[in-house]
2 protein chains.
Amino acid sequence: MNANSPASGAALRIGELAAATGVSTSALRFYEKHGLLGKAARGGNGYRQYAPDAVERVGLIRLAQRLGFSLEQVRGILGRAGEPLDHQQILTGLQARLAEIEQMQSTLAAQHTGLTCMLGKLHEHWDLGRCLPLAKLLDGHAAGDSA
Amino acid sequence: MNANSPASGAALRIGELAAATGVSTSALRFYEKHGLLGKAARGGNGYRQYAPDAVERVGLIRLAQRLGFSLEQVRGILGRAGEPLDHQQILTGLQARLAEIEQMQSTLAAQHTGLTCMLGKLHEHWDLGRCLPLAKLLDGHAAGDSA
DNA sequence: GCTAAGCTTGAAGTGCTGTTTAAGGTCAAG
DNA sequence: CTTGACCTTAAACAGCACTTCAAGCTTAGC
């Protein structure tokens, strides 16, 4: 029953960490296997023993995921395990993601323009064929946009 | 050698259609199998015989893909085969994609804001932990789709 | 008529990501 | 003793758009 009673000051077991973070135990093991979480110490029974700050680490992983980072990118940013957290590396990673986002934004903007344009054309004359040239609009720059 | 010489007025073989559209033959068969392309007529030899307007159809499929439609969505829009092309269905499909795009745009915008914010915080005090509250910012309005 | 290129089929494989599940066993508490 | 949390590794899943494979046709040029 009480498998999940926080031992106040000390180590968390995987189920406790899972409960504390909202991440499944299997996901936590997965993170560990992929170097996101760092190998937990083990008790005499072989159970993982997480220090309380693991909660924050997991929180950071989930935050990063929400910011659109893949787990591989997260590992690139947070470092492979409990290592020092290289500031430069973090900045670089964040900026790279920012660039990625901007790239996607311009792709989406171009698609948006293209679709809007298409809807306009379809209101006039009902010919999808006339929309084909829009393809060039999507290639053209994928960056800026011009209606 | 001349397997790909357009027989002027008449039917295209799959390789010819592929050459004309820049889509591989295997992809064309794949499209057919999934109802995007409509079953081609067959010659006495069993080869597919495409009418010249298949080129346009394939062009539309590729255009749609560039607009971010999945093949399944394309099928929803263009109709399951050589059917009449339901105008209403097309409009609905395009608008649905437009909504999808806008959804993604707001997700990306939120991520962008979050990241920028994070970079700001990190310049001040070097504590990633202080960035955790940003998670709420991401929840705030854009559904948790990161893609 | 030989050979190479092109066509036919269906099934399975590919690449990517993030988990989850399954199978088989250990450990602790009621 | 039984339940439930934990351990391990390996494999499955899910979604997308194809590609590849194998085995066996046809067609075209020489």
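By convention in this document, chain letters (A, B, ...) are assigned in the order of the sequence lines, proteins followed by strands, and residues within each chain are numbered from 1.
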* Answer yes or no: is there a donor N or O on one side and an acceptor on the other, between the side chain of B:R57 and the main chain of B:L36, under 3.5 Å? =>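 Pair found, side chain donor or acceptor close to backbone of B:L36.
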* To do: Return the residues of residues 93-102 of chain B meeting this criterion: a heavy atom under 4.0 Å from some atom of DNA chain D. Order them by number, or give none.
  => none
For the pair made of [atom1] in [X] and [atom2] in [N], what is the distance, rounded to whole Å?
| X | N | atom1 | atom2 | result |
| --- | --- | --- | --- | --- |
| B:E16 | D:dA28 | CD | P | 10 Å |
| A:K39 | D:dC7 | NZ | C1' | 14 Å |
| A:R13 | C:dA28 | CZ | P | 9 Å |
| B:L17 | C:dC7 | CG | C1' | 14 Å |

Between the protein and nucleotides 15-18 of chain D, list the N/O to N/O atom pairs that are separated by less than 3.5 angstrom.
| residue | atom | partner | partner atom | Å |
| --- | --- | --- | --- | --- |
| D:dA17 | OP1 | B:L71 | N | 3.2 |
| D:dA17 | OP2 | B:L71 | N | 3.1 |
| D:dC18 | OP2 | B:Y31 | OH | 3.0 |
| D:dC18 | OP2 | B:Q65 | NE2 | 2.9 |

* Asked: Which pairs with one or both residues in residues 87-117 of chain B pass ring pair (Phe, Tyr, Trp, His ring centres under 6.0 Å), sequence neighbours excluded?
  ->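 Found A:W126-B:H87.
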Partners passing side-chain contact (heavy atoms from CB on, under 4.5 Å) against [X] (at least two apart in sequence or in another chain):
| X | answer |
| --- | --- |
| B:A40 | B:E32, B:R48, B:Y50 |
| A:Q89 | A:D86 |
| A:R62 | A:V23, A:Y31, A:V58, A:Q65 |
| B:S24 | B:S26, B:A27 |

* Structure fact -> With sequence neighbours left out, the residues meeting ring pair (Phe, Tyr, Trp, His ring centres under 6.0 Å) with A:Y47 are none
* Can you pull the salt bridge (charged side-chain N to carboxylate O under 4.0 Å, His left out) pairs that have at least one residue in residues 118-135 of chain A, sequence neighbours excluded? -> A:D127-A:R130
* Residues which pass salt bridge (charged side-chain N to carboxylate O under 4.0 Å, His left out) with B:E56, listed by chain and number, not counting sequence neighbours -> none
For nucleotides 8-12 of chain C, tabulate all protein N/O to nucleotide N/O atom pairs closer than 3.5 Å, reporting atom names and distance.
| residue | atom | partner | partner atom | Å |
| --- | --- | --- | --- | --- |
| C:dT8 | OP1 | B:R48 | N | 2.8 |
| C:dT8 | OP1 | B:R48 | NH1 | 2.7 |
| C:dT8 | OP2 | B:R29 | NE | 3.1 |
| C:dT8 | OP2 | B:R29 | NH2 | 3.3 |
| C:dT8 | OP2 | B:R48 | NH1 | 2.9 |
| C:dT8 | O5' | B:R48 | NH1 | 3.4 |
| C:dT8 | O3' | B:R42 | NH1 | 3.3 |
| C:dT9 | OP1 | B:R42 | NH1 | 3.4 |
| C:dT9 | OP1 | B:R42 | NH2 | 2.9 |
| C:dT9 | OP2 | B:R48 | NH1 | 3.0 |
| C:dT9 | OP2 | B:R48 | NH2 | 2.6 |

* To do: Hey, which sits more toward the 5' end of DNA chain D by its nearest nucleotide, A:T25 or B:G44?
  => A:T25
* Can you name the nearest heavy-atom pair linking A:V55 to A:A20, along with the distance? -> CG2-CB, 4.1 Å
* To do: Taking side chain to side chain donor-acceptor pair (under 3.5 Å) as the test, write out the residues that go with A:R29, two or more places apart.
  => none
